[in-house]
K.L.:
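Have a look at the structure that comes next, please.
Hydrogens, waters and symmetry mates are skipped; everything else that's a heavy atom, side chains included, is used. Read the numbers this way: they start at 1 and go in the same order the structure lists the ligands and their atoms.
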Amino acid sequence: MSIEKSYELAREQFAQIGVDTDKAIERLKNIPISIHCWQGDDVAGFENLDGGLDGGLAVTGNYPGKAKTPDQLRADMNFAFSLIPGPKKANIHAFYSEPKNVKVDRDSITTECFTEWADWAVEQKIGLDFNPTCFSHAKSSDGLTLSHPDEGIRQFWIDHCIRSREISEFLGKRTGIRSVNNIWVPDGYKDNCYDKVAPRARLLDSLNKIEAKKLDSKYTKDAVESKVFAVGVEAFTVGSHEFYMGYGMKNPDVMVCLDAGHFHPTEVISNKISSMLLFSDEILLHVSRPMRWDSDHVVILDDELQAIAQEIIRNDFESRVNIALDFFDASINRIAAWVIGSRNTQKALLKAMLEPIDLLKKAEYDFDFTTRLALTEEYKSYPFGAVWDYYCEQMGVPTREAWLEKVRTYEKDVLLKR
Ligand code: RNT
Ligand code: ZN
């Protein structure tokens with residue numbers, strides 16, 4: 001049956017429970033997803049480092065065809081974007097800089113190192129988000145950066161984060177779309193920390209220095225990302241959730257970032273959004289999929305992804321929740337990874353829009369928990385797929401699994417020739 005016919009039937013069925021599928025589609029068209037460039041090159045960056053990835057981050061797998069130059073990475077993202085419907089941003093990291101001729105260390109990167117990224121984004125009509133890269137560098141090899149006891153090392157990373165804010169502002173100005181600048185540091189210890197206050201006090205002082213200058217909030221806004229543990233940083237992270245929660249509450253210009261993999265294994269970020277947004281204007285999400293630990297698996301349409309989307313949609317939070325993806329899997333085709341994770345995030349948002357939200361809220365307010373449970377379960381098998389397919393067709397991207405064939409062709413023609 002044609003996509004249109006299926007959609008017509010689905011539209012009718014949803015209309016019967018008071019859900020307007022056309023409206024849902026229009027709503028989805030206005031929710032940008034920030035797609036992380038680092039899935040395309042296994043978080044390697046382009047600095048030609050001798051050392052590999054560190055900071056407790058790990059990418060496993062050696063699937064062929066990873067991007068080795070900025071142009072390859074942008075080409076791969078362009079191709080992935082052609083398979084993902086709706087508005088997108090690209091999320092880049094400082095170590096994807098393209099300095100002209102001379103090597104520019106992280107503390108002295110300038111907007112000029114990012115003109116290619118900016119030109120590309122303008123061409124693609126997308127916004128850009130930014131991240132200082134406080135890992136995979138000689139000065140992060142002690143496992144401490146902004147909280148390092150050595151003043152010189154600390155200053156190096158402070159300068160790097162200040163430069164990153166300026167670059168983010170530049171990217172916001174160039175693209176006309178505000179850029180989020182997200183600060184995550186790997187700082188912590190493998191084994192039990194004896195003095196937990198001193199490193200946190202140093203991190204706080206560093207952040208205050210980084211944030212001292214007010215930048216134009218029309219173009220950039222900072223976020224800070226916590227973490228509970230990592231491989232090699234099992235015992236103690238300086239930037240814990242409580243630390244950055246406190247920082248965000250005291251500094252309303254700075255958003256708190258919630259990464260789905262950065263909490264204890266059964267703790268979920270979906271249940272934090274409602275509380276956070278009673279106290280902050282905005283938050284940043286790193287949508288990821290932890291498996292037993294912060295493993296950064298490709299996002300699938302699982303219960304937690306749907307719970308995250310439901311929190312955003314049921315409460316009209318889409319203008320206050322910045323949705324960014326953060327996963328990296330080198331065991332499968334990297335473009336497929338982007339497409340799967342991005343499309344699933346959008347599917348989850350759409351599925352959440354296809355519930356009669358007011359009716360279900362009312363059942364709950366009336367203490368009618370039978371109706372609440374019965375209907376939420378029944379609505380799970382309503383024909384959401386027909387609406388998704390129609391949306392993809394409208395947006396000019398492949399419907400259903402048709403994108404996979406295109407990825408295979410690109411793999412053969414482009415990736416395997418690298
Ligand atoms: C690390 C954080 C961080 C990184 C990226 C590469 O645990 O999740 O967001 O994944 O900055
Ligand atoms: Zn993250």
K.L.:
With distance as the sole criterion, is a donor-acceptor pair present between the side chains of Ser270 and Glu304 under 3.5 Å?
P.N.:
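Side chains of Ser270 and Glu304: pair found under 3.5 Å.
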K.L.:
Tell me which N, O or S atom of Asp326 sits nearest to the Zn ion (ligand 2).
P.N.:
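Relative to the Zn ion (ligand 2), the closest nitrogen, oxygen or sulfur of Asp326 carries the name OD2.
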K.L.:
Distance alone, cut at 3.5 Å: any donor-acceptor contact between the side chains of Ser288 and His286?
P.N.:
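The criterion, which ignores hydrogens and geometry beyond distance, is not satisfied for His286 and Ser288.
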K.L.:
Report the name of the N/O/S atom of Glu225 located nearest to the Zn ion (ligand 2).
P.N.:
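Sorting the N, O and S atoms of Glu225 by distance to the Zn ion (ligand 2) puts OE2 first.
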K.L.:
Considering just N/O/S atoms, say which atom of His286 is closest to the Zn ion (ligand 2).
P.N.:
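Result for His286 and the Zn ion (ligand 2): ND1.
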K.L.:
Please name the pair of heavy atoms, one in Ala337 and one in Ile332, separated by the smallest distance, quoted to 0.1 Å.
P.N.:
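The answer is CB-CD1, 3.9 Å.
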K.L.:
Verify the distance test for His262 against the Zn ion (ligand 2): any N/O/S atom under 2.8 Å, yes or no.
P.N.:
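No, outside the cut-off.
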K.L.:
Determine, for Tyr244 and Lys227, whether the Lys NZ or Arg CZ falls below 6.0 Å from the six-membered ring centre while staying within 45 degrees of the axis.
P.N.:
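Because its charged atom misses either the 6.0 Å distance or the 45° angle limit, Lys227 does not stack over Tyr244.
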K.L.:
Which pair of non-hydrogen atoms, one from Pro149 and one from Arg154, has the smallest distance, and what is that distance?
P.N.:
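Nearest heavy atoms, Pro149 then Arg154: O-NH1, 3.2 Å.
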K.L.:
From the N, O or S atoms in Asp259, identify the one nearest to the Zn ion (ligand 2).
P.N.:
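Result: OD2.
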K.L.:
Exactly which residues line ligand 1, taking a heavy atom under 4.0 Å from it as the test?
P.N.:
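If the criterion is a heavy atom under 4.0 Å, then ligand 1 touches Trp38, Leu57, His93, Trp184, Glu225, Lys227, Asp259, His262, His286, Asp294, Asp326, Phe328.
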K.L.:
Taking atom types as modelled, is there a side-chain donor on Ser331 or Asp329 under 3.5 Å from an acceptor on the other?
P.N.:
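The answer is yes; a qualifying pair exists.
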K.L.:
Quiz question: by atom type and distance under 3.5 Å, do the side chains of Arg178 and Asn322 form a donor-acceptor pair?
P.N.:
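Judged by distance alone, the side chains do pair up.
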K.L.:
Tell me which pairs pass ring pair (Phe, Tyr, Trp, His ring centres under 6.0 Å) where either residue lies in residues 150-183, with sequence neighbours left out.
P.N.:
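Only His137-Phe156, His137-Trp157, Trp157-His160 qualify under ring pair (Phe, Tyr, Trp, His ring centres under 6.0 Å).
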